[in-house]
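So the structure is just underneath, and the comments pick up after that.
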2 protein chains.
Amino acid sequence: MLTIKKVYGLQVPIPAHPPRPSEEAALPRLGYLLKHAALHYAELTSAELAPLGITPQEWAALNCLDDQPDRSQKEVADLLGIDRTTMVALIDRLQTQAWVERRPHPADRRKNTVTLTPPGRAILHSGATIIDNCEHQFLAALGAPAAHQLKQALRTLITANQSR
Amino acid sequence: MLTIKKVYGLQVPIPAHPPRPSEEAALPRLGYLLKHAALHYAELTSAELAPLGITPQEWAALNCLDDQPDRSQKEVADLLGIDRTTMVALIDRLQTQAWVERRPHPADRRKNTVTLTPPGRAILHSGATIIDNCEHQFLAALGAPAAHQLKQALRTLITANQSR
DNA sequence: TATTGTTATACTCTATAACTATA
DNA sequence: TATAGTTATAGAGTATAACAATA
């Protein structure tokens, strides 16, 4: 049984004998497919990043800080889709590892800027290699064109269903 | 901000200006795509089923019981990917609504069989219509062939990454 | 010995409410 | 008045441990 927790309810029973990819009929429902693909992939990345002592979410936070430095906590929270109250503890953990620093925002003293440290940047880059590997490994069962189409289709769906 | 909780950490920052589907470069990472597609879809189904007083997970449990009646609690738990201890409360809720009945298993007195009642079957079928609608609506931004390819690709990935 | 259902308990991830400082 | 960071708290969804009944 999968050990990743707290992902939303299944939409469909798991067939006792999962249909082979070549079969046309009886595709499981979309909710089952999306949830389980996300679940398996989260497990993979979580396990692969574990030796670095970082979770996928923490790595994602570092990644936000890399592509545009000195974001506020609130900005990072919005990018990750979590509340600013939840962000506090996340940044606390990153700061404990000395991967980021909090500094008062020069122009707005309500804000903290969050900045990558050199060790933070190192972890980010090690993590990026691992994440890239995970993606390649996970998508290996599809050909490269199908993998690309999958990603494009997912992006289309996310954009089209944004408001929900 | 999405209200569905407890789905695993993001893999990637959300671009401030999400790329248009026509752009080739800078597709978000797989983890972000899978998580957010699953998240948006779970929100949709959850909202659409709410008037029936049933969650996607509860509906999925009823659905398991429909395609093969008189399963044990443990069997349903395994199909849903949750622990048998978690199943107890789920079945409790379904039983409170009089959608299922627990009966001692005739051949193995350690087990309960869980059986759909007529009202349970009615809710299951109303829910199925809603779920089918959700799927159609959610996939509307893709053409029918692309939607089918997406589902097939997801099934392939789940099968290929089963062990994780 | 192993399995099923059950209860008690605890963990993880997240949000809401309320506070302080600042805008 | 509104916003950023913070703290305390609560809730949802889940699992682990331990027990009784049964295999």
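Heavy-atom basis, side chains included; hydrogens, waters and symmetry copies ignored. A, B, ... follow the sequence lines: proteins, then strands. Residue 1 opens every chain.
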Thr85(A) (side chain) and dT7(D) (base): donor-acceptor pair under 3.5 Å: no

Gap between atoms CG and P, on Leu80(B) and dA15(D) respectively (whole Å): 11 Å

His125(B) NE2: over 12 foreign heavy atoms closer than 6.0 Å: yes

Polar side chain donor-acceptor pair, Gln95(B) to Arg102(B), under 3.5 angstrom: yes

Shortest side-chain distance from Lys74(A), nucleotide among dT16(C), dG5(D), dT6(C): dG5(D)

Nearest-nucleotide 5' precedence on DNA chain D, Arg109(B) against Asn112(A): Asn112(A)

Heavy-atom donor-acceptor pair, Thr117(A) side chain to Trp99(A) backbone, under 3.5 Å: yes

Residue closer to the 5' end of DNA chain D, Arg102(A) versus Arg110(B) (nearest nucleotide): Arg102(A)

Side-chain N,O (Gln73(B)) to OP1/OP2 (dT6(C)) below 4.0 Å: yes

Distance in angstrom units between Glu58(B) CD and dA12(D) P, rounded: 12 Å

Closest-nucleotide 5' rank along DNA chain C - winner of Asp108(A) and Arg93(A): Arg93(A)

For atom CD of Gln95(A) and atom C1' of dG5(D), their distance in whole Å: 13 Å

Length of the CG-P vector between Leu90(B) and dG13(D), whole Å: 10 Å

Asn112(A) side chain to Val114(A) backbone, donor-acceptor under 3.5 Å: no

Spacing between Arg103(A) atom CZ and dA4(D) atom C1', to the nearest angstrom: 18 Å

Leu39(B) CG - dA12(D) P separation (whole Å): 18 Å

Nearest-angstrom distance from the residue atom CZ of Arg84(A) to P of dC19(C): 14 Å

Distance in angstrom units between Arg71(B) CZ and dT4(C) P, rounded: 14 Å

Under 4.0 angstrom between Gln57(A) side-chain N/O and dT14(C) OP1 or OP2: yes

Contact check, side chains of Ile131(A) and Arg29(B), non-hydrogen atoms, under 4.5 Å: yes

OP1 or OP2 of dT14(C) under 4.0 Å from side-chain N/O of Thr86(A): no

